[in-house]
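Report on one structure; see the data block that follows.
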Amino acid sequence: MALIAEGATEVVVTDGHKPAAAADAHSMRTATPPDVVARTSTGAGDVFLAAHLSACAAGASQDLALSRALTAATEHITGARSI
């Protein structure tokens with residue numbers, strides 16, 4: 001929330017296998033990625049952000065956008081989905 005206090009309108013933070021957070025001036029949501037065996041971590045943040053932005057642009061709620069982003073990143077790092 002410190003970034004919001006500094007003037008950011010929306011913030012998304014990830015930290016590998018730890019919970020991800022999305023915040024705006026009204027609320028903060030967190031979600032924990034599933035425990036999986038990663039084949040790679042290269043590009044995981046890019047896939048996460050692309051999926052999150054795409055979901056937001058399509059009108060998804062912040063909770064759904066965060067969920068879709070975690071799913072896309074998980075599929076990417078496990079090899080279940082390629083970009």
Identify the heavy atoms of [X] and [Y] that sit nearest to each other, and give their distance.
X: Pro33; Y: His17; answer: CG-O, 3.6 Å
X: Leu64; Y: Ala60; answer: CD2-CB, 3.8 Å
X: Ala44; Y: Ala73; answer: O-CB, 3.9 Å
X: Ser41; Y: Ile77; answer: CA-CG2, 4.2 Å
X: Ala69; Y: Ala51; answer: CA-CB, 3.8 Å
X: His52; Y: Ala22; answer: NE2-CB, 4.2 Å

Find the distance between [atom1] ([X]) and [atom2] ([Y]) and round it off to the nearest 0.5 Å.
X: Glu10; Y: Ile4; atom1: CD; atom2: CD1; answer: 7.5 Å
X: Ser54; Y: Arg68; atom1: OG; atom2: CZ; answer: 8.0 Å
X: Ser67; Y: Gln62; atom1: OG; atom2: CD; answer: 12.5 Å
X: Thr30; Y: Asp63; atom1: OG1; atom2: CG; answer: 9.5 Å

Thr40 side-chain N/O to Thr42 backbone N/O, donor-acceptor pair under 3.5 Å: yes
The single option from Leu66, Leu53, Thr74 passing side-chain contact (heavy atoms from CB on, under 4.5 Å) against Phe48: Leu66
Qualifying residues under side-chain hydrogen bond (donor to acceptor under 3.5 Å, both in side chains), relative to Ser27, sequence neighbours excluded: Arg29
All salt bridge (charged side-chain N to carboxylate O under 4.0 Å, His left out) counterparts of Asp15, not counting sequence neighbours: Lys18
Shared hydrophobic cluster, Val47 / Leu70 (ILVMFWY, side-chain heavy atoms < 4.5 Å): no
